[in-house]
Number of protein chains: 2
Amino acid sequence: MATPLTPQNLPLETQTLAVQLKDHSYQIYIGPDLLSCLPSFLEQRHLQASRYVIVTDSTVETLYGSNLQDQLEDRGIKAELVSFPAGEASKNMETILYLAKELLRIGADRKTMLLALGGGVTGDITGFLASIYMRGIPFIQLPTTLLAQVDSSIGGKTGVDLPEGKNLLGTFYQPKLVLADINTLSTLLEQELKNGLAEVIKYAVIRSSRLFRILEQQWDEVLALKSDVITTIVAMSCAIKADIVEQDEKEAGLRRVLNFGHTAGHAIEAAADYTISHGEAVSMGMVVAARIAFKRQQMVFEEFSRFVRLLEKVGLPYVIPSRFTPQQLLTIMKHDKKVQDGELHYVLNKGIGDCEVTVVPEEEILTTLEECTGSLSYNF
Amino acid sequence: MATPLTPQNLPLETQTLAVQLKDHSYQIYIGPDLLSCLPSFLEQRHLQASRYVIVTDSTVETLYGSNLQDQLEDRGIKAELVSFPAGEASKNMETILYLAKELLRIGADRKTMLLALGGGVTGDITGFLASIYMRGIPFIQLPTTLLAQVDSSIGGKTGVDLPEGKNLLGTFYQPKLVLADINTLSTLLEQELKNGLAEVIKYAVIRSSRLFRILEQQWDEVLALKSDVITTIVAMSCAIKADIVEQDEKEAGLRRVLNFGHTAGHAIEAAADYTISHGEAVSMGMVVAARIAFKRQQMVFEEFSRFVRLLEKVGLPYVIPSRFTPQQLLTIMKHDKKVQDGELHYVLNKGIGDCEVTVVPEEEILTTLEECTGSLSYNF
């Protein structure tokens with residue numbers, strides 16, 4: 001493939017990252033004001049297409065979509081825009097069929113490129129659509145939420161939900177480019193920002209004590225969305241995820257470490273019928289895992305306490321509400337598709353900055369869930 | 001990947017073929033009574049799964065599906081069966097969603113393997129379902145029609161139709177194994193056999209004068225479905241397709257030669273609103289291409305005449321019904337997704353056994369369509 005070139009005149013703070021996979025490699029750019037650089041990127045040879053279609057949701061269309069379309073048209077780049085109602089409820093096959101028909105109406109062919117502009121739902125839907133429209137057309141990720149920037153836009157997982165569960169239909173399909181414009185984070189709701197921060201903390205705990213320290217020490221700047229700090233924590237998170245995905249594109253093994261906090265987290269989300277946000281559920285789930293690690297003496301008390309204090313500072317919950325029973329959560333965990341051969345494979349951190357996948361007996365999980373429900377005592 | 005082993009005790013006439021692609025290689029077996037050898041294949045390590053699900057249509061379920069399920073169960077291999085109404089009308093996203101729900105009901109997970117038992121529709125649907133269920137599970141092709149054995153089961157094209165057109169949503173996704181049991185051809189309708197033979201003749205004209213001679217000289221044995229001859233012509237056809245697919249998995253260039261006869265063929269099918277079968281339409285389409293080749297002196301009269309005589313012997317039409325006008329067909333051809341940059345790229349044979357992709361001016365196509373409509377005069 002052509003060597004990707006970085007356009008001239010990118011904002012100084014921009015950080016770059018290459019994802020190198022067997023078949024397809026691509027670049028991730030992280031920095032302020034990158035959306036307005038999109039036309040320069042599209043003028044590069046390996047990103048040229050017969051036409052571009054921005055796929056976005058109703059909220060992001062108003063915030064950034066129409067503006068981006070105008071910018072492209074101003075540069076003489078033919079761009080259409082299609083949108084769907086914002087929200088997880090749109091993440092289904094009906095939306096895919098609706099968008100496919102829109103693409104056909106527009107006249108999109110195999111040389112059309114899709115531009116996924118929005119959060120995780122938009123990225124997952126657009127990636128899936130790109131992977132199956134006329135047996136696959138190229139697409140670019142333009143994530144506008146923190147969660148999408150550090151997580152869902154990297155790794156090539158696409159998909160839609162079925163009434164029976166989330167992401168049950170989908171593909172592994174890589175974008176040609178990811179542009180994470182951190183300026184778009186300024187329009188996020190606090191809750192959405194927290195969802196992303198929960199994943200950033202996850203990366204820190206499983207892979208980078210340095211990232212953890214930045215979050216601890218520069219928290220005020222993170223909160224103020226200071227551009228250099230945000231660029232750094234997004235880029236560090238992307239680098240961790242990209243590194244793991246490079247080693248295990250199709251989720252055969254290593255990639256499971258990304259499920260840190262997600263085993264109990266998913267169970268809490270499901271038990272709450274998704275009235276608890278993903279970030280909050282993952283936060284509680286990470287505490288469960290960390291507490292098992294602590295009790296196994298893989299994490300000293302000082303680290304466990306720093307971890308809980310960071311969650312507290314961010315405003316993420318670390319106690320499971322007492323309306324959920326440990327047995328109920330365990331039952332859901334056992335039904336999770338990641339359970340193999342009846343054994344619960346669990347990602348446990350080792351201190352801060354390292355982790356392992358290991359089998360945890362049901363009894364140990366139940367006890368820990370109990371200890372993390374209702375209140376969390378430091379004296380154990 | 002593990003080296004595939006051939007099970008012991010395969011029928012003597014069985015022919016084997018390897019498809020070697022970048023990421024995934026697999027074997028094709030062609031011969032009599034191969035369905036009853038399936039359990040032996042599944043006992044090989046690289047084809048083991050937590051469970052198997054036979055996906056088939058209502059017709060093939062009765063003919064072979066229930067029997068195959070029993071055979072597997074008798075050997076202690078856990079196999080479920082799901083089916084959908086036979087016919088092209090089932091080739092849509094509703095069927096995919098229905099089958100996905102059936103898989104969930106059964107408890108199919110990421111280690112489940114699908115067995116696509118049937119014709120082209122079943123293969124296309126099952127391959128597509130396998131490629132998107134939980135982001136991809138393995139599947140095996142068990143084609144039971146001649147068309148599926150020589151064409152759709154090889155090459156990894158999967159997909160469903162939209163009201164707007166055929167195969168508009170789909171993936172490239174390769175099976176783990178193809179078993180073409182030629183005994184299943186005995187239950188085909190004459191029309192279905194002809195659909196397959198049209199593709200066999202296509203392969204002969206574009207790539208193999210030897211295959212062409214076998215069809216000419218051993219026609220009676222082909223018609224009688226004599227096992228060694230059928231095995232040979234199916235295996236030769238598969239080898240030609242596999243060779244082309246190996247060189248161009250994602251249809252970037254070379255694979256277009258497989259469209260020989262399909263440019264005009266698709267137009268005729270569409271103009272007839274699919275009341276003309278695919279094989280018949282391709283047959284007429286091949287005559288159009290061959291006639292252009294003849295007029296360009298790429299094919300001598302004797303070859304053109306052998307070609308038309310073979311179609312006649314097989315019972316395939318070589319004259320376009322006069323209810324279609326050349327202009328109407330040309331318009332459809334120009335809307336076909338294979339038209340690039342407004343030019344009609346056409347596959348033209350060079351004699352019998354070779355071909356090329358070339359631009360044919362509209363005027364030349366129109367004139368030739370006229371000459372092939374209503375009646376075909378040999379005196380030109």
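In what follows, chains are A, B, ... by sequence order, proteins preceding strands, each numbered from 1.
If you measure heavy-atom distances from A:Thr171 to chain B, the contacts under 4.5 Å come from both the backbone and the side chain. Heavy atoms of A:Tyr173 lying under 4.5 Å from chain B are absent altogether. Residue contact with chain B, scored on non-hydrogen atoms closer than 4.5 Å, involves the backbone of A:Lys250 exclusively.
Residues of residues 99-107 of chain B that come within less than 4.5 angstrom of chain A, heavy atom to heavy atom, are B:Ala100, B:Lys101, B:Leu104 in numerical order.
By the 6.0 Å contact criterion, NZ on B:Lys91 is enclosed, its count of non-hydrogen atoms from other residues, nucleotides or ligands being greater than 12.
Looking at A:Leu169 and B:Tyr133, their side chains come closer than 4.5 Å, going by heavy atoms from C-beta outward.
Judged purely by atom type and a 3.5 angstrom limit, A:Arg135 uses its side chain to pair as donor or acceptor with the backbone of B:Thr158.
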